[in-house]
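First the structure, in the form of structure tokens, and then the observations on it.
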There are 2 protein chains.
Amino acid sequence: MQCLNGTVFHNTSATCDHSGVDTSEPRPATRRRRTDAKRNEGALLDAAASVFATSGVDAPVREVAAAAGVGVATLYRHFPTRSDLVVAVYRHQVDACAEAGPALLESAGSPFAAILSWIHLFVDFLGTKHGLARVWEGDPDGFTGLHVLFVERLVPVLTDMLEAARASGEVVAPITAYQLIRAVGDLVAFTPVDPDYDVRKIVTLLVSGLRQPQLEHR
Amino acid sequence: MQCLNGTVFHNTSATCDHSGVDTSEPRPATRRRRTDAKRNEGALLDAAASVFATSGVDAPVREVAAAAGVGVATLYRHFPTRSDLVVAVYRHQVDACAEAGPALLESAGSPFAAILSWIHLFVDFLGTKHGLARVWEGDPDGFTGLHVLFVERLVPVLTDMLEAARASGEVVAPITAYQLIRAVGDLVAFTPVDPDYDVRKIVTLLVSGLRQPQLEHR
DNA sequence: TTGCATAACGGAACCGTGTTCCATATCTTA
DNA sequence: TAAGATATGGAACACGGTTCCGTTATGCAA
């Protein structure tokens with residue numbers, strides 16, 4: 001849970017340890033990783049974090065490469081796809097969000113209250129990144145990198161919270177954690193700059209529905 | 001409410017009267033509209049409906065132009081932007097949806113039931129069009145054509161229904177029609193081909209929330 | 001019916017994306 | 001220090017929306 005400053009999720013600065021995938025040292029029989037490669041990966045992550053923060057996650061890869069002072073090929077060598085770069089940049093923050101779940105379950109007044117808080121933590125995280133929609137959406141095949149990360153890290157956490165809330169009788173709707181988090185993601189993804197539209201309110205509305213038995217439709 | 005066959009919204013065939021904007025005849029002092037222009041507009045709408053139905057709304061403009069047997073410039077002459085073409089294709093169906101509102105308000109058991117049904121009508125409409133997300137999202141300026149159409153035609157209808165449901169005491173959450181329909185649109189827009197994710201269920205959950213007083217968050 | 005001004009057209013060209021290629025430069029290791 | 005694996009830069013490609021412009025077809029008047 002490093003790499004966070006200020007409020008839990010609003011950091012995108014360049015003070016993290018850069019670990020796109022696995023920076024562990026051991027490289028037994030093979031050759032050691034070239035230092036310029038390591039340096040460039042760091043520069044890329046810093047640049048990406050900075051560029052994403054100012055120009056939005058939609059910023060062109062070329063812009064990131066330029067900011068890092070490298071060519072596009074270098075960027076693609078380290079992050080085979082645009083999506084991978086985004087994942088690398090936000091991985092820490094997703095982790096932090098995941099870890100906040102159990103904590104909230106203890107500190108909040110009730111499981112349901114914990115869920116509401118946690119969901120809003122997630123909303124804030126997504127909300128501060130302009131244009132996460134493109135990434136959230138997923139490619140034709142179905143899953144994009146960030147989506148997978150969200151599912152892997154966040155769904156288990158929310159599952160536990162939902163279970164607790166069901167045990168306490170607060171939540172009755174037959175909704176899975178995946179369905180709920182996916183819905184919240186969709187709601188927030190577009191992050192409209194619209195004064196008439198407050199995502200937080202809508203999300204709260206959605207979460208409120210958890211306390212109602214499922215309705216018939218049609 | 002013409003241009004509809006089978007279930008209310010699933011039509012995209014080419015049997016409508018093509019009226020991109022205003023096909024009214026009177027052209028007093030000026031020259032009459034060229035017949036090839038009129039013919040091409042029709043061909044384009046037919047082609048677009050067909051292409052969108054098979055390849056999704058994301059289909060390239062070139063594909064539509066080719067299917068209509070015209071050049072891209074012709075397409076752009078009639079529909080200045082991609083978004084305009086989409087609007088023209090779906091206008092009838094949006095109209096039909098709008099007109100279904102008051103009808104449901106009478107036929108359904110209660111205002112709330114009417115809302116639930118109407119919302120699901122809307123969901124079905126969006127759901128049958130692959131990739132309406134791109135359009136729903138809106139361009140940098142804020143509003144894309146289809147978004148405007150939705151807001152203009154659908155929001156008033158839903159506003160009336162919400163008002164009725166508040167009068168009957170069923171709906172208590174302080175949500176506006178715009179907020180609600182926008183949320184539903186966001187939820188459905190991505191129309192995932194995911195077996196684990198049923199949009200209708202989530203939408204129902206959201207609508208359920210309307211019967212709960214607004215919660216505190218944070 | 002003919003001529004002409006002009007509305008409408010076709011398709012190449014432009015711009016901005018993500019991604020790939022490959023000749024070249026750089027680093028590791030012996 | 002030299003060989004060879006690794007990494008790099010930037011041009012090139014594919015593909016999307018949109019625009020440009022020389023050419024064609026049409027409506028109207030004579």
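Within every chain, numbering begins at 1; the chains are lettered A, B, ... in the order of the sequence lines, protein sequences first and strands thereafter.
- Spacing between atom CZ of B:Arg33 and atom P of C:dT6 amounts to 19 Å, rounded to whole angstrom units.
- Judged purely by atom type and a 3.5 angstrom limit, B:Asp84 uses its side chain to pair as donor or acceptor with the backbone of B:Thr81.
- Nearer the 5' end of DNA chain D, as judged by each residue's closest nucleotide, is the contact made by A:Arg77, out of B:Val61 and A:Arg77.
- For D:dG17, the OP1/OP2 oxygens have no side-chain nitrogen or oxygen of B:Arg62 closer than 4.0 Å.
- Of the side-chain N and O atoms in B:Thr35, none sit less than 4.0 angstrom from OP1 or OP2 of D:dT26.
- Under the 3.5 Å distance criterion, the side-chain polar atoms of A:Trp118 are matched with a main-chain donor or acceptor of A:Cys97.
- B:Val72 comes within 4.0 angstrom of a base, heavy atoms only.
- The phosphate of D:dT18 has OP1 or OP2 within less than 4.0 Å of a side-chain N or O from B:Thr81.
- Taking atom OH of residue A:Tyr76 and atom C1' of nucleotide D:dA12, one finds them 14 Å apart after rounding to whole Å.
- Rounding to whole angstrom units, CG of residue B:Leu75 and P of C:dG11 are separated by 14 Å.
- A salt bridge links B:Asp36 to B:Arg34: one of the charged nitrogens lies within less than 4.0 Å of a carboxylate oxygen.
- Checking C:dT29, D:dT18, D:dT26 against the side-chain heavy atoms of B:Arg82 singles out D:dT18 as nearest.
- Going from atom NZ of A:Lys38 over to atom P of C:dC27 covers 14 Å, rounded to whole Å.
- With salt bridges taken as basic N to acidic carboxylate O contacts below 4.0 Å, none links A:Arg91 and A:Asp95.
- Within the structure, every side-chain polar atom (N or O) of B:His78 is placed at least 4.0 Å from both OP1 and OP2 of C:dA8.
- Between the CG atom of A:Asp36 and the C1' atom of D:dA5 there is a distance of 12 Å, rounded to whole Å.
- Between B:Arg39 atom CZ and C:dA7 atom C1' there is a gap of 14 Å when expressed in whole angstrom units.
- Nearest to the side-chain atoms of B:Arg34 among the listed nucleotides D:dG27, C:dG10, C:dT28 stands D:dG27.
- Rounded to whole angstrom, the span from the CG atom of A:Asn40 across to the P atom of D:dG10 amounts to 13 Å.
- The side chain of A:Pro60 sits closest to C:dG18 out of D:dG9, C:dG18, D:dT6.
- Taking the nucleotide of DNA chain C with the nearest heavy atom to each of B:Gly69 and A:Ala59, the more 5' of the two is matched to B:Gly69.
- Between A:Phe125 and A:Val188, every side-chain heavy-atom pair lies at or beyond the 4.5 Å cut-off.
- Per the geometry, CZ belonging to A:Arg31 stands 13 Å off P belonging to C:dC27, to the nearest Å.
- Residue B:Ala37 is in sugar-phosphate contact alone, with no base atom involved, counting any heavy-atom pair closer than 4.0 Å across all strands shown.
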